[in-house]
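Reading through the structure tokens given below for one structure.
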Protein chains: 2
Amino acid sequence: MSASKYDLNQQITVAVDCIIFGFDGENLKLLLFKRKVEPFINSWSLIGSLIKNSDSLDDGAKKILYRLTGLSDVYLQQLKTYGEVDRDPLERVISVAYYSLIRIEQFHLDSIQSHDAEWFNLDEVPELIFDHGQMVQDAIRQLRAQASNQPFGVELLPELFTLPQLQTLYEKIYSTEFDSRNFRKKMLSLGIFIKTDKKDKSSSKKGAFLYKFKKGGSASSAIAYENFDSFRPVVRFLGK
Amino acid sequence: MSASKYDLNQQITVAVDCIIFGFDGENLKLLLFKRKVEPFINSWSLIGSLIKNSDSLDDGAKKILYRLTGLSDVYLQQLKTYGEVDRDPLERVISVAYYSLIRIEQFHLDSIQSHDAEWFNLDEVPELIFDHGQMVQDAIRQLRAQASNQPFGVELLPELFTLPQLQTLYEKIYSTEFDSRNFRKKMLSLGIFIKTDKKDKSSSKKGAFLYKFKKGGSASSAIAYENFDSFRPVVRFLGK
DNA sequence: CCAAAAGTGTTAAGCATACACCCATGC
DNA sequence: GCATGGGTGTATGCTTAACACTTTTGG
């Protein structure tokens with residue numbers, strides 16, 4: 001391709017980085033992989049790469065995530081673009097960061113392992129290259145902000161899930177604990193869950209009822225729940 | 001500068017666009033200017049340009065805003081990066097959008113006019129090039145989200161301002177009306193305003209008391225008010 | 001004196017929070 | 001039969017939201 005028609009001199013490389021949070025029913029984790037190119041080859045890095053001329057940013061992010069981890073059908077949300085001049089020592093690179101929150105399943109685990117990627121508990125994340133640590137911090141903040149204004153869960157919990165599981169997810173996101181009576185009351189009052197008559201007995205003798213999401217929530221989004229009154233916070237109570 | 005060391009073939013141009021909202025005490029406006037280059041020369045456009053190799057995105061946005069309008073010391077906040085492949089018909093350009101909300105003053109007016117820029121009422125914005133219309137929509141949404149979670153006003157109202165002015169600002173942002181008794185009660189309960197003993201009589205015979213912001217709010221931000229409990233929405237009531 | 005905007009107080013309803021006990025079951 | 005986690009209800013205080021009249025003063 002010929003040089004830019006607007007400015008022959010601009011020479012900026014464009015990358016995307018994906019901050020992928022995962023929930024396994026117990027813990028919130030972060031997906032990392034070992035960088036394959038210099039500089040910092042073999043250091044832990046977010047899932048990222050340069051985008052192609054022919055891919056939009058959104059498409060490019062999806063493809064890169066698939067190529068580097070095997071994950072597909074992940075709803076990625078744009079977080080922020082990082083553009084400090086010297087953030088990459090090799091050359092001028094700006095990076096458009098995307099994030100998502102998915103449920104970790106066996107399918108994912110196999111795929112990820114075969115790609116040299118790995119899930120890390122959020123409190124055991126190793127040193128990351130460049131400004132990736134900052135990206136993760138920003139993504140957590142964003143995740144919390146979203147979770148407090150919109151319920152989420154589609155694609156992020158198993159199709160059927162229990163309220164204790166949902167509570168655990170929220171507790172991990174906020175690094176706090178909620179009173180189960182208030183939590184259940186609040187969640188059920190949102191009117192977006194349907195109780196099934198099945199029970200999950202994997203974590204207690206009594207078993208917990210399985211719920212599913214009501215249709216009409218955003219099918220494409222792991223995070224946002226459409227048509228939801230954003231003025232009514234989902235999580236306000238932080239008391240026990 | 002030599003070609004990219006990561007990828008010799010990537011050829012993507014990077015621009016920034018600034019969505020500048022202005023408040024003149026009565027109306028919320030949008031700053032536009034007439035594009036100076038083909039394609040679409042002389043069409044109305046957001047304030048934007050390519051960034052330089054030596055400028056970070058944040059710095060580049062500030063400089064471009066200054067160059068094209070004369071505005072300086074504007075706290076710009078990154079909105080989103082737009083990266084559809086064909087968003088610019090001439091070549092592949094991604095644009096990092098920034099936005100701000102400032103008060104419109106005489107100083108600004110002169111400077112802006114001399115730069116061929118112009119303030120438009122939000123409901124009278126002309127057709128914009130590329131995806132700039134979408135950017136404006138996204139910025140309004142973001143502005144509302146911010147305004148509902150954090151009080152704002154520093155740098156965005158005159159140093160001294162009246163509560164009716166503040167109410168007008170919020171009403172314009174949300175395109176709705178608030179009950180003045182509830183609005184005042186809520187704002188004053190935030191504890192971030194100081195009543196002065198001066199009155200502004202420009203809009204009524206009785207005159208309205210002038211208030212100022214308490215120190216300790218974010219001095220650098222026109223929009224965010226730091227150290228504010230983000231779990232307590234500022235604007236929830238939308239009733240009259 | 002009157003028009004026009006500023007300023008003020010109360011009540012009812014809804015929501016958040018705190019808190020303690022019974023239930024079902026596998027072992 | 002008991003330990004474990006699941007499930008439920010109520011009372012209190014705070015925030016929101018609805019609502020109407022008085023004050024000030026320039027003209």
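For clarity, every value in this text was computed on a predicted model and none was experimentally measured. Computation of the quantities below employed the complete heavy-atom set of this structure, encompassing side-chain atoms and omitting hydrogens, waters and symmetry-equivalent molecules. Letters go in sequence order (proteins before strands), and every chain restarts at 1.
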side-chain N/O B/K205 vs D/dG27 OP1/OP2, d < 4.0 Å: no
Interatomic distance where CZ belongs to A/F161 and P belongs to D/dG6 [whole Å]: 15 Å
Closest to the A/F209 side chain, choosing from C/dC19, C/dT25, D/dG7: D/dG7
Over-ring placement of B/K172 relative to B/Y170, 6.0 Å and 45° cut-offs: no
Protein-nucleotide distance (A/M187, atom CE; D/dG7, atom C1'), rounded to Å: 17 Å
Touch class at under 4.0 angstrom, heavy-atom based, for A/K201 against every strand present: sugar-phosphate
Distance test, side-chain N/O of A/R184 to OP1/OP2 of D/dG7, below 4.0 Å: yes
Short side-chain donor-acceptor distance under 3.5 Å, B/S56 and B/D58: no
Residues A/Q142 and A/D138: side-chain donor-acceptor under 3.5 angstrom: no
Between C/dT8 (C1') and B/Q167 (CD): distance, integer Å: 14 Å
N/O donor-acceptor pair, side chain A/K206 with base C/dA24, under 3.5 angstrom: no
d(CZ, A/F183; P, C/dC15) in whole Å: 18 Å
Donor on one side chain, acceptor on other, A/Y99 and A/Q146, under 3.5 Å: yes
B/N182 side chain, from C-beta outward: closest of C/dG9, C/dA6, D/dG7: C/dG9
Minimum-distance nucleotide (side-chain atoms of B/K185 versus D/dA18, C/dG7, D/dA20): D/dA18
Spacing of A/L163 atom CG relative to C/dC23 atom P, expressed in whole Å: 20 Å
Separation of atom NZ in B/K199 from atom P in D/dT24, rounded to whole Å: 8 Å
Residue A/A208, side-chain heavy atoms: nucleotide from C/dG7, C/dA5, D/dG6 that is nearest: D/dG6
Partner of B/V96 by side chain to side chain contact (heavy atoms under 4.5 Å, CB included), out of B/L57, B/L79, B/D17: B/L57
Protein-nucleotide distance (A/F178, atom CZ; C/dC19, atom C1'), rounded to Å: 18 Å
Interatomic distance where CD belongs to A/E177 and P belongs to C/dA18 [whole Å]: 13 Å
Proximal nucleotide (of D/dT8, C/dA18, D/dG6) relative to the A/K195 side chain: D/dT8
Touch class at under 4.0 angstrom, heavy-atom based, for A/S203 against every strand present: sugar-phosphate
Minimum-distance nucleotide to A/P164 side chain [options: C/dC19, C/dT8, D/dG6]: D/dG6
5' priority, DNA chain D, between B/S189 and B/R181 [closest heavy atom]: B/S189
